[in-house]
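Predicted, not measured: the structure shown is a model, and the values here were computed from it. Positions are given from 1 along the sequence.
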Amino acid sequence: MIERIVKMGFAPDQVDAFIEIFEQNKNKIKNFDGCSYVKLLRDIKQPNQFFTYSHWESEEHLNNYRNSALFKGVWANTKNKFNQMPEAWSVNLVE
């Protein structure tokens with residue numbers, strides 16, 4: 001299993017629009033083949049900083065999602081709201 005963490009910073013006036021995009025798509029993402037978990041986290045000190053946290057069966061499943069029409073649509077509607085470059089990590093549980 002792969003755990004995927006994506007850090008995103010948004011222009012303050014775009015935060016509500018991003019949350020709406022996430023709400024509209026979270027179940028589609030969770031139901032995508034290979035995904036078993038997806039959450040949205042918000043930084044407590046910087047309310048325009050968000051993290052998505054998801055579980056994927058394999059890197060292949062994650063890549064299939066990243067190459068899907070679903071991801072491309074969500075990303076197209078999200079990336080124009082950033083005020084900084086997003087960062088992403090794919091990690092495995094050590095313990």
Quick check: do [X] and [Y] have side-chain heavy atoms less than 4.5 Å from each other?
X: F50; Y: L40; answer: yes
X: F71; Y: L62; answer: no
X: M8; Y: Q84; answer: no
X: L70; Y: I29; answer: yes
X: T52; Y: I5; answer: no

- Item | Non-hydrogen atoms of R42 and P47 that approach each other most closely |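 Residues R42 and P47, closest heavy atoms: NE-O, 2.8 Å.
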- Check whether the ring centres of Y65 and W75 lie less than 6.0 Å apart, and answer yes or no.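 No, the ring centres sit 6.0 Å or more apart.
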- Quick one: do the R4 and S90 side chains pair a donor with an acceptor below 3.5 Å?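 Looking only at side-chain atoms, S90 and R4 do form a donor-acceptor pair, the distance falling under 3.5 Å.
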Nearest 0.5 angstrom please: [X] [atom1] to [Y] [atom2], how far?
X: W56; Y: N64; atom1: CH2; atom2: CG; result: 9.0 Å
X: I21; Y: D16; atom1: CD1; atom2: CG; result: 11.0 Å
X: Q14; Y: I19; atom1: CD; atom2: CD1; result: 11.5 Å
X: F32; Y: K30; atom1: CZ; atom2: NZ; result: 16.0 Å
X: S68; Y: D33; atom1: OG; atom2: CG; result: 11.0 Å
X: F82; Y: F18; atom1: CZ; atom2: CZ; result: 7.5 Å

- Donor-acceptor pair, side chain of N92 and main chain of I2, under 3.5 angstrom: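 Not at all, since once roles are kept as given, no pair shorter than 3.5 Å links the two residues.
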- Query: For the side chain of N83 and the backbone of F10, is there at least one donor-acceptor N/O pair under 3.5 Å apart?
  - Reply: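 Flag set: sc N83 to bb F10 pair under 3.5 Å.
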- Message: So for atom CD, which belongs to E59, do other residues, nucleotides or ligands contribute more than 12 heavy atoms lying within a distance under 6.0 Å?
- Response: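 No, CD of E59 has 12 or fewer neighbouring heavy atoms, counting only those of other groups under 6.0 Å.
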- Selection residues 43-57 - residue pairs positive for salt bridge (Lys or Arg N to Asp or Glu O under 4.0 Å), sequence neighbours left out: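 As it turns out, there is no salt bridge (Lys or Arg N to Asp or Glu O under 4.0 Å) pair with a partner in residues 43-57 once direct neighbours are skipped.
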- Which salt bridge (Lys or Arg N to Asp or Glu O under 4.0 Å) pairs, counting each pair once, include a residue from residues 60-77, with sequence neighbours left out?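 The answer is none; no pair qualifies.
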- Message: Side-chain heavy atoms nearer than 4.5 Å, only ILVMFWY residues, links allowed to pass through others: does that put L41 and V91 together?
- Response: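 In one cluster with L41: V91, yes.
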- Task: Decide whether Y37 and W89 are clustered together by the hydrophobic rule: side chain heavy atoms of Ile, Leu, Val, Met, Phe, Trp, Tyr closer than 4.5 Å, transitively.
- Result: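 In one cluster: yes.
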- Co-members of M1 in a cluster of I, L, V, M, F, W and Y side chains, linked at under 4.5 Å: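 Hydrophobic cluster check, M1: no partners found.
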- Query: Who are the side-chain hydrogen bond (donor to acceptor under 3.5 Å, both in side chains) partners of S58, not counting sequence neighbours?
  - Reply: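 Per chain and number, S58 pairs via side-chain hydrogen bond (donor to acceptor under 3.5 Å, both in side chains) with H61.
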- Item | Residues forming a salt bridge (charged side-chain N to carboxylate O under 4.0 Å, His left out) with K26, sequence neighbours excluded |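 Partners of K26 by the salt bridge (charged side-chain N to carboxylate O under 4.0 Å, His left out) criterion, ordered by chain and then number, come out as E23.
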- Item | Residues which pass salt bridge (charged side-chain N to carboxylate O under 4.0 Å, His left out) with K7, listed by chain and number, not counting sequence neighbours |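 Partners of K7 by the salt bridge (charged side-chain N to carboxylate O under 4.0 Å, His left out) criterion, ordered by chain and then number, come out as E87.
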